[in-house]
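Report on the following structure.
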Amino acid sequence: MNLPAMSHVLSLHRLFKPGCKVRFPIVADDNREVIRQLNMVDLNQKDADGVELPSRALHVIGPDKTIKLSFLYPAATGRNMDEVVRAVESLQTTANFKVATPVNWKPGEPVVISPSVSNEEAKVMFPQGYDTVDLPSKQQYLLFTNL
């Protein structure tokens, strides 16, 4: 096993309890080909040898094998894991219901019913009810519901 691959194995031992089965691929990218293809290189941060460092990139891939969300932080900036979890929960919620999550949404808070859902459909799909927010013109604008 080469040194970068060994460092990945050692990292796994630090991250997971003994006996834990890792069910996702871990890639040792010795020549940085994969991170370049996925636009995960921080061109502004280099190691002691002048080699670009990987950015703190995170891609969420859906069951259909397409990228649903990407976070890209500079190598020197840590991720906000609360935001990662919140975003994944939003993706799961919006995939399962015809809704969108508003700014700063957290699980358990109201969601916006998709504009493609008529009021009649909303009554059936969301029997718990919904609240309507109107524009100043009194035209119905958004429907909010709790799931």
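All values below were derived from every heavy atom in this structure, side-chain atoms included, with hydrogens, water molecules and symmetry-related copies excluded. The chain is numbered in sequence order, starting from 1.
Among all heavy-atom pairs drawn from Pro107 and Glu89, the shortest one is CG-OE1, 2.7 Å. The two atoms that bring Phe144 and Pro102 nearest to each other are CE2-CG, 4.4 Å, heavy atoms only. Nearest heavy atoms, Ser70 versus His59: OG-ND1, 2.8 Å. Between Asn96 and Gln92, the shortest heavy-atom distance links the atoms ND2-O, 2.9 Å. The minimum heavy-atom distance linking Asn80 with Asp82 is given by the pair OD1-N, 3.0 Å. Taking both residues in full, the closest heavy atoms of Ala75 and Pro54 are given as CB-O, 3.4 Å, listed atom of the first, atom of the second, then distance.
Residue pairs meeting the side chain to side chain donor-acceptor pair (under 3.5 Å) criterion with at least one partner in residues 42-56, sequence neighbours excluded, are Arg36-Glu52. Within the structure, the side chain to side chain donor-acceptor pair (under 3.5 Å) test picks out the following pairs touching residues 124-143 (sequence neighbours left out): Asn119-Gln140, Gln128-Thr145.
Considering only heavy atoms from C-beta on, Ile35 stays 4.5 Å or farther from Gln37 through its side chain.
By the neighbour-count criterion of 12 heavy atoms within 6.0 Å, atom NZ of Lys98 is sparsely surrounded, having that number or fewer from other residues, nucleotides or ligands.
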Fill in: Pair Phe126-Leu147, side-chain contact (heavy atoms from CB on, under 4.5 Å): steps then yes or no
CA-CA 8 Å; Phe126 306 101; Leu147 298 176; 3.8 Å; yes
Practice prompt. Go through the steps for Thr93 and Val99 under the test side-chain contact (heavy atoms from CB on, under 4.5 Å), then give the verdict.
Written response: CA-CA 8 Å; Thr93 298; Val99 298; 4.0 Å; yes
Item to complete: Quick one: do Arg32 and Val34 satisfy side-chain contact (heavy atoms from CB on, under 4.5 Å)? Show the steps, please.
Response: CA-CA 6 Å; Arg32 306 258 199 282; Val34 174; over 6 Å; no
Worksheet item: What do the steps show when you test Thr94 against Thr101 for side-chain contact (heavy atoms from CB on, under 4.5 Å), and what is the final call?
Response: CA-CA 7 Å; Thr94 59; Thr101 56; 4.1 Å; yes
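Note on Leu143: it does not cluster hydrophobically with Val112, by side-chain heavy-atom contacts below 4.5 Å among ILVMFWY residues. Hydrophobic clustering (side-chain heavy atoms under 4.5 Å, transitive across Ile, Leu, Val, Met, Phe, Trp, Tyr) keeps Val124 apart from Ile113. A continuous path of hydrophobic side-chain contacts links Val111 to Met125 [ILVMFWY only; heavy atoms under 4.5 Å].
By the 4.5 Å side-chain criterion applied to Ile, Leu, Val, Met, Phe, Trp and Tyr, Val88 is assigned to a cluster that also includes Leu58, Val60, Leu69, Phe71, Tyr73, Met81, Val84, Leu91.
The OG1 atom of Thr77 sits 10.5 Å away from atom CG of Leu72, with the distance rounded to the nearest 0.5 Å. In this structure, the separation between CE on Met40 and CG on Leu53 is 12.5 Å, given to the nearest 0.5 Å. Atom OG of Ser90 and atom NZ of Lys106 lie 13.0 Å apart (nearest 0.5 Å).
Using a cutoff of 4.0 Å between basic side-chain nitrogens and carboxylate oxygens, Arg86 and Glu83 are scored as salt-bridged.
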